[in-house]
Amino acid sequence: MDYRSESTETLRNKCAACFRQFNRKEHLVEHMKVSHHSGHEPMCGICKKHCRSFESLREHLIGPLPKQECKNIFSILGCRFCLAILENPNSRRAHEGRCQFPGVNTGLPARLANLGIHDKLSIDNGRTRGPQVVALACKMVGGGSDGSLDLCARICVIDEYENIIFHTYVKPPIPVTNYRCETTGIRPEYLKDAMPLKQVQKRIQEFLSNGEPMWKIRPKGSKARILVGHGLDHDLKCLQLDYPMIRDTAQYPPLMKTSKLSNSLKYLTQAYLGYDIQIGIQDPYDDCVATMRLYMRMRSQAHVKEDHPLVNNFELRRQSELERMSPEELLDISRSDYYCWCLDS
């Protein structure tokens, strides 16, 4: 086979999603099996390349080694927050104005913090139509001999309209040895008559389950509420809670680093929402609002609807059939390996 034939064969085996090229068709099929490309991945609005995460897309557009053609167009027509491509510079400016969120007004949360307990948790047994979404954030103080053991000392829960539905200081079950006052703002007198952890745990568990037994909670069609947060595994562990229906901005693949490690909530808020949080004394209300806004932005992504979004279509028994398909046909049957939040809509 001469050079031109090899080049043509390689182009025939070019991935329709990430544009990687392979010498043999079976290598392309194997790549599609493990890459899990789908219409749910972030995609460049210029060259249509699929990226594993928005950080990968950001590097493709404006990173140290971007694709120059895409970078040139993005600098004129691209939104720096959601990375969308607009029709003209005027549309871009108007879009960015809508895409950038204002900073959170901390006056109300501060007043509620002084009140101590703010409790509007209620159980409606699924009478509200559509999925109910709430965001939760905790602030930790230190326990143990060196103060390094995280203990939940303040908790906030908001609804999807950013209204506070639960806020209280929490009395840890063991003595506090480090109040971390410079970042938490929590003082010993705040916890003296605070709600005990067991009581907080029970209130949150009943509210999230919403009358649904834990063993019946499932991702779709459940009366239980969707819980949004950042680093929810840690927060729930400190609350001694186990809850399956979570949307964690620290573990959602499109919001993670290219190294597959978590981004900080501070970075995600600055990069994708356009304002700063966690400066000085940190308020859990700010964290709740940031995670809810990130979740709603990810949920509103306009993706092509798939019949079976989490089904594996690359079974070994179909190998011969798969090798006869074009790269575009392989992409059509490829499915994501994570649950896309657009499916919550």
Side-chain angles (χ1 to χ4, degrees), residues 10-75 77-86 95 99 247 249 251-263 268 271-272 294-295 297-314 318 322-323 325-345:
T10 302
L11 287 174
R12 252 200 316 266
N13 299 328
K14 180 179 178 181
C15 176
C18 67
F19 304 156
R20 283 186 62 185
Q21 297 181 20
F22 301 88
N23 291 326
R24 300 173 66 88
K25 191 59 167 285
E26 55 263 39
H27 297 163
L28 171 60
V29 172
E30 191 61 31
H31 164 75
M32 296 301 291
K33 286 180 182 178
V34 299
S35 62
H36 300 283
H37 289 308
S38 76
H40 294 285
E41 292 177 304
M43 184 174 68
C44 175
I46 302 161
C47 69
K48 307 305 179 187
K49 178 182 178 180
H50 290 231
C51 298
R52 184 64 180 173
S53 67
F54 282 100
E55 284 303 289
S56 178
L57 176 57
R58 191 179 292 275
E59 289 186 5
H60 169 78
L61 292 168
I62 53 175
L65 295 171
K67 185 176 179 181
Q68 197 59 45
E69 179 187 354
C70 295
K71 178 183 178 181
N72 294 341
I73 296 174
F74 183 82
S75 65
L77 302 176
C79 172
R80 67 184 188 274
F81 303 116
C82 70
L83 307 181
I85 304 299
L86 286 304
H95 174 87
C99 211
R247 306 290 185 262
T249 54
Q251 300 298 326
Y252 188 51
L255 292 176
M256 296 177 77
K257 298 178 181 179
T258 53
S259 60
K260 298 185 180 179
L261 297 175
S262 299
N263 275 304
L268 291 174
Y272 297 101
L294 287 165
Y295 168 77
R297 177 157 288 176
M298 294 298 106
R299 193 177 81 171
S300 65
Q301 298 282 309
H303 295 153
V304 177
K305 292 193 179 297
E306 300 165 336
D307 293 336
H308 303 286
L310 297 174
V311 172
N312 174 25
N313 291 317
F314 288 87
R318 297 186 61 190
L322 293 170
E323 290 179 13
M325 290 183 176
S326 69
E328 291 73 24
E329 289 171 332
L330 289 171
L331 179 58
D332 283 342
I333 66 168
S334 184
R335 295 292 180 264
S336 173
D337 60 343
Y338 63 88
Y339 180 86
C340 182
W341 292 348
C342 75
L343 300 174
D344 286 341
S345 298

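In what follows, residues are counted from 1 in the order of the sequence shown. Please read all numbers here as calculations on a predicted model, not as lab measurements.
- Distance alone, capped at 3.5 Å, is enough to place a donor-acceptor pair between the His50 side chain and the Ser38 backbone.
- Residues Arg52 and Thr258 have side chains not in contact (no heavy-atom distance under 4.5 Å, counting atoms from C-beta outward).
- Glu55 CD to Leu261 CG: the interatomic distance, rounded to the nearest 0.5 Å, is 12.0 Å.
- To the nearest 0.5 Å, the span separating CG on Asp332 from OG on Ser326 amounts to 7.5 Å.
- Listed here is the closest heavy atom pair of Ile46 and Cys70: CD1-O, 3.3 Å.
- Minimum interatomic distance between Gly78 and Ile85 (heavy atoms only, all atoms of both residues): CA-CD1, 4.0 Å.
- Counting only distance, with no hydrogens or angles, the side chain of Lys25 and the backbone of Met325 share a donor-acceptor pair below 3.5 Å.
- The OG atom of Ser53 sits 11.5 Å away from atom NZ of Lys257, with the distance rounded to the nearest 0.5 Å.
- To the nearest 0.5 angstrom, Cys342 atom SG is 6.5 Å from Lys305 atom NZ.
- The minimum heavy-atom distance linking Phe54 with Cys82 is given by the pair CE2-O, 4.3 Å.
- Between Leu61 and Cys44, the shortest heavy-atom distance links the atoms CD2-SG, 3.9 Å.
- With Tyr295 as the fixed residue, the side-chain contact (heavy atoms from CB on, under 4.5 Å) test singles out one of Arg299, Met298, Arg297: Arg299.
- In this structure a side-chain-to-backbone donor-acceptor pair under 3.5 Å is present from Ser334 to His37.
- Summarising the geometry of Trp341 relative to Arg247, their closest heavy-atom pair is NE1-CD, 3.2 Å, with the distance given to 0.1 Å.
- A distance of 8.5 Å separates CD in Glu323 from CZ in Arg24, rounded to the nearest 0.5 Å.
- Pro327 and Leu28 make their closest contact through CG-CD2, 4.0 Å (heavy atoms, listed as atom of the first residue, atom of the second, distance).
- Distance check, rounded to the nearest 0.5 Å: CE of Met32 to CZ of Arg20 gives 11.5 Å.
- Looking at residues two or more places apart in sequence or on another chain, you find a salt bridge (charged side-chain N to carboxylate O under 4.0 Å, His left out) between Lys33 and Glu30.
- By the 4.5 Å heavy-atom criterion applied to side chains, His40 and Tyr338 are counted as neighbours.
- Under a 3.5 Å cut-off, the side chain of Ser75 and the backbone N or O of Asn72 do form a donor-acceptor pair.
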